[in-house]
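Presented below is the structure to which this report refers.
Sequential numbering from 1 along the given sequence is applied to the chain's residues. What you see is a predicted model, and the numbers here were worked out from it, not measured in a lab.
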Amino acid sequence: MLLSPVLVTILITGLAASTPREIAFSRLLPAAPALAAALWPVLPTVLLGTFCLLVMIGLGFVYSDLGTPYTAAAIGAVTLAAAYASHLRLQREETLFQVRLVADAAQKVLLRPLPHRIRSIEIESLYLAAQEQARIGGDFYEAADTPYGVRLLIGDVRGKGLSAVGAASAVINCFRENAYDQPDLTAVIRRLQITVSRYSAGVPADDRTEHFATALIAEIPHGGKHVRILNCGHPPPVFLRGGEVQVLEPTLTSTPLNLSALLGDHYYVDTAAFAPGDQMLLYTDGVTETRDRAGEFFPLADWARQHHREPPRELLDRLHADLFHYARGRLDDDIAALAVRCRHTGVPEQ
């Protein structure tokens, strides 16, 4: 790709020298510095334009009726314009690089790397942005080792852009503080509810409709063989137990964050077995709403049955690859996922 301006120059020069002058391939020489502007810095672009100008002058000595002055003038004008365009491109690339550095730093604050293991619980995470250049979005997750057990959070703020990122950041910071202090999941989710409501009240009115979120909190007691789950309108977790796959739908519906004024303040906790060797997959709706070319949704439960033996990291890597393959390389929504496994007691570190 980087050598393509040189190859274009050589091709045009060869054609101009080997074909009848009536065809006048030499008039295409201005295309070479124009192409270089998209790939090269300023100085190489100017040097290539100068070389094309010398080639045109040389051809003019051989073929006097090529219209050399007009083509040479065109090469000079295009070279100057290409040099300026190259300068602007480099400035924009530098600006984009700085923006990406800021976005990467923001992602590390918002979605900081989770510990791979908390006591006997293995945790692996996955985040995929729908937009190729994006670093952060409205999907979020967190894990905390609390006096009440390992607590996990995953959720999805409605909407996109900085507004959704701000709401997600507020939820995560609230969870990080209250997961250690609140004795039960209902108390934690009420604090998250208040936080999102206060955040929504502090933004312009035309953005407030986007500030509600689905969320799921899971609590795995230390030494326990079960997990408590409070699901506020979020996709249900998938449990992998040996060859069995269970999708744990909530017994009763809990209110999504910031919708209590409309739907009431209702929260219910379900309990499921979570013995050593069991694995739990938490995810956002970007996973199950991924579509193939025919418009069919990604069959997560069937997929999990085929990969239930894989450990958390390999499971998420496989999910990543299969989602891209299923969607033909293009995602329509952000995706976040957590793979959590209860280790057998006495299993050595890997």
OG on Ser254 to CG on Leu263, rounded to 0.5 Å: 11.5 Å

Distance-minimising heavy-atom pair for Ile75 and Pro30: CG1-CG, 3.7 Å

Connected via hydrophobic side-chain network under 4.5 Å: Val238 and Phe298: yes

Check whether any side-chain heavy atom of Leu152 lies under 4.5 Å from a side-chain heavy atom of Ile217, and answer yes or no. no

Heavy-atom count check: over 12 atoms from other residues, nucleotides or ligands less than 6.0 Å from Glu177 CD? no

Can you tell me how far OH of Tyr199 sits from CG of Asn173, rounded to the nearest 0.5 angstrom? 11.0 Å

Which atoms form the tightest heavy-atom contact between Pro33 and Val78, and what is the distance? CG-CG1, 4.1 Å

Thr214/Asp156 under side-chain hydrogen bond (donor to acceptor under 3.5 Å, both in side chains): CA gap, chis, key distance, verdict: CA-CA 5 Å; Thr214 65; Asp156 181 7; 5.1 Å; no

Rounded to the nearest 0.5 Å, how far apart are OG of Ser260 and OH of Tyr267? 5.0 Å

Can you check side chain to side chain contact (heavy atoms under 4.5 Å, CB included) on Asp334 and Leu128, steps first, answer last? CA-CA 6 Å; Asp334 296 340; Leu128 301 175; over 6 Å; no

Arg328 and Asp292 ion-paired at < 4.0 Å: no

Compare every heavy atom of Ser26 with every heavy atom of Leu59, then report the nearest pair and how far apart it is. CD1-CB, 3.9 Å

What residues form a side-chain hydrogen bond (donor to acceptor under 3.5 Å, both in side chains) with Trp40, not counting sequence neighbours? none

Do His307 and Arg309 meet the criterion of a side-chain donor-acceptor pair at a distance under 3.5 Å? no

Does the side chain to side chain contact (heavy atoms under 4.5 Å, CB included) test come out yes or no for Arg151 and Leu185, once each step is laid out? CA-CA 9 Å; Arg151 286 179 169 176; Leu185 298 185; 3.9 Å; yes

Who passes side-chain hydrogen bond (donor to acceptor under 3.5 Å, both in side chains) against Gln279, sequence neighbours left out? none

Could you work out, with salt bridge (Lys or Arg N to Asp or Glu O under 4.0 Å) as the rule, every residue matching Glu142, not counting sequence neighbours? Arg112, Arg176

Are there more than 12 heavy atoms of other residues, nucleotides or ligands under 6.0 Å from atom CD of Gln98? yes

Partner set under side-chain hydrogen bond (donor to acceptor under 3.5 Å, both in side chains) for Thr255, not counting sequence neighbours: none

Evaluate the side chain to side chain contact (heavy atoms under 4.5 Å, CB included) criterion for residues Thr195 and Val171: first the C-alpha distance (whole Å), next the side-chain angles of each, then the deciding distance (0.1 Å), finally the verdict. CA-CA 7 Å; Thr195 295; Val171 173; 5.6 Å; no

Quick one: pull up CE in Met1 and CG in Leu35 and give me the separation to the nearest 0.5 Å. 8.5 Å

Validation row: Tyr141, Leu153 side chains within 4.5 angstrom (heavy atoms): no

If you look only at pairs with a residue in residues 183-199, which of them pass as a salt bridge (Lys or Arg N to Asp or Glu O under 4.0 Å), with sequence neighbours excluded? Arg190-Asp265

Leu28 reachable from Ile57 in the ILVMFWY side-chain graph, under 4.5 Å edges: yes

Sequence neighbours left out, what passes ring-ring contact (aromatic ring centres under 6.0 Å, His included) with His266? Give chain and number order. none

Ignoring hydrogens, what is the shortest heavy-atom contact between Thr146 and His222? Give both atom names and the distance. O-NE2, 2.9 Å

Residue Tyr84 excluded, over 12 heavy atoms near OH under 6.0 Å: no

side-chain hydrogen bond (donor to acceptor under 3.5 Å, both in side chains) against Gln182, all qualifying residues, sequence neighbours excluded: Asn178

What class does the angle between the rings of Phe274 and Phe239 fall in, given that below 30° is parallel, 30 to 60° is tilted and above 60° is perpendicular? perpendicular

Candidates Arg343, Arg241, Lys225 - the one meeting salt bridge (Lys or Arg N to Asp or Glu O under 4.0 Å) with Asp278: Arg241

Quick one: ring-ring contact (aromatic ring centres under 6.0 Å, His included) partners of His320, sequence neighbours excluded? Phe324

May I ask you to check whether over 12 heavy atoms, not counting those of His116, lie within 6.0 Å of atom NE2? no

Give the cluster check for Val269 versus Ile229: same hydrophobic cluster or not, with ILVMFWY residues linked at side-chain heavy-atom distances below 4.5 Å. yes

Got a sec, which pairs hit salt bridge (Lys or Arg N to Asp or Glu O under 4.0 Å) with one end in residues 78-99, sequence neighbours left out? Arg89-Glu93

Measuring from Thr284:OG1 to Asp333:CG, what's the distance to the nearest 0.5 Å? 6.5 Å

Taken in chain and number order and not counting sequence neighbours, the residues that satisfy ring-ring contact (aromatic ring centres under 6.0 Å, His included) with Tyr148 are none

Please output the side-chain donor-acceptor pairs of residues 44-53 that fall under 3.5 Å, not counting sequence neighbours, one pair per line with the distance.
residue : atom : partner : partner atom : Å
Thr45   : OG1  : Pro41   : O            : 2.8
Thr50   : OG1  : Val46   : O            : 2.9

Side chain to side chain contact (heavy atoms under 4.5 Å, CB included) between Thr271 and Val227, intermediate numbers included: CA-CA 6 Å; Thr271 301; Val227 56; over 6 Å; no

Sidechain N-carboxylate O distance under 4.0 Å for Arg117, Glu122: no

Shortest non-hydrogen contact from Gly138 to Ala168? O-CB, 3.9 Å

Kindly indicate, with the supporting measurements, whether the criterion side-chain hydrogen bond (donor to acceptor under 3.5 Å, both in side chains) is fulfilled by Tyr326 and Glu296. CA-CA 10 Å; Tyr326 192 81; Glu296 298 292 332; 5.8 Å; no

Over all atoms of both residues, closest heavy-atom pair of Arg305 and His308: O-ND1, 2.8 Å

Give the intermediate values and the outcome of salt bridge (Lys or Arg N to Asp or Glu O under 4.0 Å) for residues Asp270 and Arg228. CA-CA 6 Å; Asp270 291 302; Arg228 288 187 282 267; over 6 Å; no

Hey, what do you get for CG (Asp285) to CZ (Arg158), rounding to the nearest 0.5 Å? 12.0 Å

In short, side-chain hydrogen bond (donor to acceptor under 3.5 Å, both in side chains) pairs touching residues 1-13 with sequence neighbours left out are none

